[in-house]
Amino acid sequence: MLDLKFIRENVETVKEGIRKKNVNVDLDALLGLDAQRRELLKEVEQLKALKNSTSKDVGRAKAKGEDFEAIAAQMKQVSQKIKEIDQQVEQIADNMRGLLLRIPNLPEKSVPVGGEKANKTIKEWGKKKTFDFKPSAHWDLCEKLDIADFKRAVKVSGTGFVVFKGQGALLERALINFMIDTHVRDNGYTEIMPPYLSNEKAMTGTGQLPNLKDDMYCLKEDGYYLIPTGEVPVTNLYSDEILKADELPIYHVAHTACFRREAGSYGKETRGMKRVHQFDKVELVKFTTAETSYDEHEKLLNNAEMILQKLNLPYRVRILASGDMSFAAAKCYDLEVYSPGNDEYLEVSSCSNFEDFQSRRAHIRYKSKEGKTAFVHTLNASGLALPRTFIAILENYQTKDGKIEVPEVLRPYMNGLAFIG
RNA sequence: GGAGAGGUGGCCGAGCGGCCGAAGGCGACGGUUUGCUAAACCGUUGUACGGGCUAAUACUCGUACCGAGGGUUCAAAUCCCUCCCUCUCCGCCA
């Protein structure tokens, strides 16, 4: 959420930012309501001032035993009028909130302007492996090795789900533990195990609601949403809190399942586990001051990259253009791992700086050394999303005889297993 | 699921119709003292919104906020209703 005062004072900047973000919102409607609200406020606050001072007079008159009936009757009318205007103000404020929550964060200066085509590769790491045979796609490997079952998943759930089995389940588990251990031991993160159901307030805090409502699974009876990412519970951990300056920066890492309806994406990437309704993810979340958030953003990216480097998987880093970034992000890098089965790059992490966009929604503040309270900056990155990392390992580490070589760093997590199959 | 207790400022905690933005304490900040630290003492210390004046987030005026929403009243932290949350006990349960 942007600061209303900032919007009022920087209308053109905000409009330009919204345009760059490729979002449609009616800023003028918001500004109109804002002006209207302030007019009414002026009026009603004068009436309230009158009411307050007169009520004190009445109290004094009563104490002295003087007559106050006439004034009291008059004030009753004033109170009635105040109630009416208050209702109008509330109505307008409500509409404003609705609009305000739909205004995206503005892109940071260094972000390239444009849509998806304007995304730029800024780094490539590792060499694409060469094979003396035709590498298979992960769905074929899964089936042959009997390590993941898509068909049976349909029976228990539906399309877009996967069942891991045997050494596949072991690999999944090993990856999770390897990632968490790396971030805790090498990168200084504190592990969190949060709930997978969160309430509407939390979902609004990080910006999933109201815009992405259709992408979320909702438990209407209880008012819960299944989290689409660990970002939601972990970021909202500190909602409505004032942190101390010396507590920052806070680094958290969390493994969670993630649930996404993927509404409207049927027919796209439906084969295999590239896009499923439930998947695991190890998420990194940071809380920082405004001064350090962009340095922390670079470090965060390095932390996520470290996982791919240790797994020795070739990847590239892309800086997302203004129109391709998520609603809440000010700047975002995507990490894409190379996968030879279909000769493609797969997004395994989005590394975003939200500045104070989420913290203003979720009300996460800190008290600086000078005693000022300010909104923290929040950042997050996947470190990493599991299914696509799983795919990349199968497709990059497959051998001619149909096995999967286990990356060195994972073997301790898999009881020393060197080959799957 | 049943019964009870409670939700007040950064924290603890008093207040139970007007003089309450709210005692007292803790913490934090500034100062005095001090070889340094500590202690002691003095002072300061909420947020949001709107207006005025501005270089100004400085100053000033007003309004709102004592879990949330509604009601009673000239006047509500204080009385009434609804909801939410926390705690304790009982039941059920992985």
Side-chain angles (χ1 to χ4, degrees), chain A residues 1-10 30-97 99-101 193 195-205 219-225 233 236-248 250 257 287 289-291 355-356 359-376:
Chain A
M1 186 163 72
L2 300 180
D3 181 16
L4 183 60
K5 203 178 278 175
F6 176 84
I7 296 174
R8 203 187 287 144
E9 287 164 4
N10 301 278
L30 177 70
L31 292 168
L33 288 171
D34 179 45
Q36 207 183 332
R37 190 185 78 100
R38 279 187 291 163
E39 269 310 303
L40 287 169
L41 263 189
K42 228 193 293 185
E43 189 185 343
V44 78
E45 285 185 357
Q46 273 167 19
L47 288 175
K48 283 179 180 173
L50 174 69
K51 181 185 92 167
N52 287 343
S53 66
T54 309
S55 284
K56 277 179 189 159
D57 291 344
V58 168
R60 280 190 282 271
K62 198 177 168 190
K64 281 190 254 170
E66 292 169 9
D67 180 55
F68 57 90
E69 295 294 336
I71 289 185
Q74 207 183 328
M75 279 307 109
K76 192 165 186 150
Q77 301 232 310
V78 171
S79 288
Q80 187 56 38
K81 180 79 182 162
I82 287 171
K83 207 159 121 190
E84 281 166 26
I85 301 177
D86 266 347
Q87 274 168 8
Q88 287 179 52
V89 170
E90 197 35 53
Q91 177 72 51
I92 291 171
D94 233 40
N95 293 341
M96 286 174 68
R97 257 191 298 280
L99 288 170
L100 210 49
L101 285 175
M193 292 184 77
Y196 293 177
L197 301 183
S198 72
N199 57 36
E200 185 171 336
K201 192 179 163 201
M203 293 287 282
T204 306
L219 286 96
K220 282 210 182 66
E221 300 260 306
D222 303 285
Y224 289 126
Y225 290 84
N236 282 288
L237 235 37
Y238 300 103
S239 65
D240 295 318
E241 288 193 35
I242 299 177
L243 304 164
K244 294 196 188 79
D246 57 18
E247 290 179 90
L248 299 175
I250 292 171
F287 303 82
T289 63
E291 290 72 34
E355 299 185 350
D356 61 2
S359 64
R360 182 169 280 113
R361 288 175 163 239
H363 223 69
I364 308 170
R365 296 173 297 169
Y366 77 101
K367 197 164 216 138
S368 70
K369 297 228 160 59
E370 299 78 48
K372 292 249 182 211
T373 49
F375 290 108
V376 303

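A, B, ... follow the sequence lines: proteins, then strands. Residue 1 opens every chain.
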query: Hey, which of these two, A:Lys48 or A:Thr54, hits RNA chain B nearer its 5' end, going by closest nucleotide?
result: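 Going by which nucleotide is closer to the 5' end, it is A:Lys48.
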(message) I want to confirm an ordering. Mapping A:Lys62 and A:Ala49 to their closest nucleotides on RNA chain B, which one lands closer to the 5' end?
(response)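 Comparing both residues, the 5'-ward one is A:Lys62.
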Q. What's the closest nucleotide to the A:Lys76 side chain, out of B:C74, B:A64, B:G10?
A.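 Looking only at side-chain atoms, A:Lys76 lies closest to B:C74.
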Looking only at the side chain of A:Ser79 (C-beta and beyond, no hydrogens), which of the listed nucleotides B:A75, B:G18, B:U63 gets closest?
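Closest nucleotide among those given: B:A75.
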Does A:Lys201 pair with A:Asp240 as a salt bridge, N-O distance under 4.0 Å?
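Looking at A:Lys201 and A:Asp240, the cut-off is met.
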- Query: Would you call A:Lys48 and A:Asp86 a salt bridge, using N to O less than 4.0 angstrom?
  - Reply: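 Yes, this pair counts.
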Requested in this report: State the OH-CG distance between A:Tyr224 and A:Leu197, to the nearest 0.5 angstrom.
Outcome: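 Reported value, rounded in 0.5 Å steps: 7.5 Å.
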- For A:Phe68, does the CZ atom have more than 12 heavy-atom neighbours from other residues, nucleotides or ligands under 6.0 Å away?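 Yes, CZ of A:Phe68 has more than 12 neighbouring heavy atoms, counting only those of other groups under 6.0 Å.
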- Counting only heavy atoms not in A:Glu66, do more than 12 sit closer than 6.0 Å to its CD atom?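 Atom CD in A:Glu66 is packed in, count exceeds 12.
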Taking C-beta and beyond as the side chain, do [X] and [Y] meet within less than 4.5 Å on heavy atoms?
X	Y	value
A:Glu84	A:Gln80	yes
A:Gln46	A:Leu50	no
A:Leu243	A:Lys367	no
A:Asp57	A:Ile71	no

Whole angstroms only, please: what is the [atom1]-[atom2] distance between [X] and [N]?
X	N	atom1	atom2	result
A:Asn199	B:A68	CG	P	17 Å
A:Ile85	B:A64	CD1	C1'	15 Å
A:Gln80	B:U72	CD	C1'	13 Å
A:Gln74	B:C74	CD	P	13 Å
A:Glu69	B:C74	CD	C1'	9 Å
A:Arg60	B:C74	CZ	C1'	13 Å
A:Asp240	B:C85	CG	P	15 Å
A:Leu243	B:A28	CG	P	18 Å

*Could you give me the stems involving RNA chain B, meaning stretches of three or more consecutive Watson-Crick or G-U wobble pairs whose two defining distances are both below 3.5 Å?*
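When the pairs of RNA chain B are grouped into runs of at least three, the stems are B:1-7 with B:84-90, B:10-12 with B:24-26, B:27-32 with B:40-45, B:46-52 with B:59-65, B:67-71 with B:79-83.
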How is A:Asn52 classified with respect to the nucleic acid when contacts are heavy atoms under 4.0 Å: base, sugar-phosphate, or nothing?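 The residue A:Asn52 makes sugar-phosphate contact but no base contact.
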| A:Ser55 side chain vs A:Asn52 backbone, donor-acceptor pair below 3.5 Å |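 No, the answer is negative, given that no donor and acceptor are paired below the 3.5 Å cut-off.
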When the C1' atoms of B:G46 and B:C42 are considered, how many whole Å apart are they?
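One C1' to the other, the span is 23 Å.
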Using the C1' atom on both, measure B:A22 against B:C29 and round to a whole Å.
->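 To the nearest whole Å, 22 Å.
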>> If you compare every side-chain N and O of A:Lys83 against the phosphate oxygens of B:G71 (OP1, OP2), does one of them come in below 4.0 Å?
In response: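 Yes, because at least one side-chain N or O of A:Lys83 sits under 4.0 Å from OP1 or OP2 of B:G71.
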With sugar-phosphate taken as primed atoms, P, OP1 and OP2 and all else as base, the protein-contact string of nucleotides 47-57 of chain B at under 4.0 Å (heavy atoms; B, S, -) is --SSS-----S
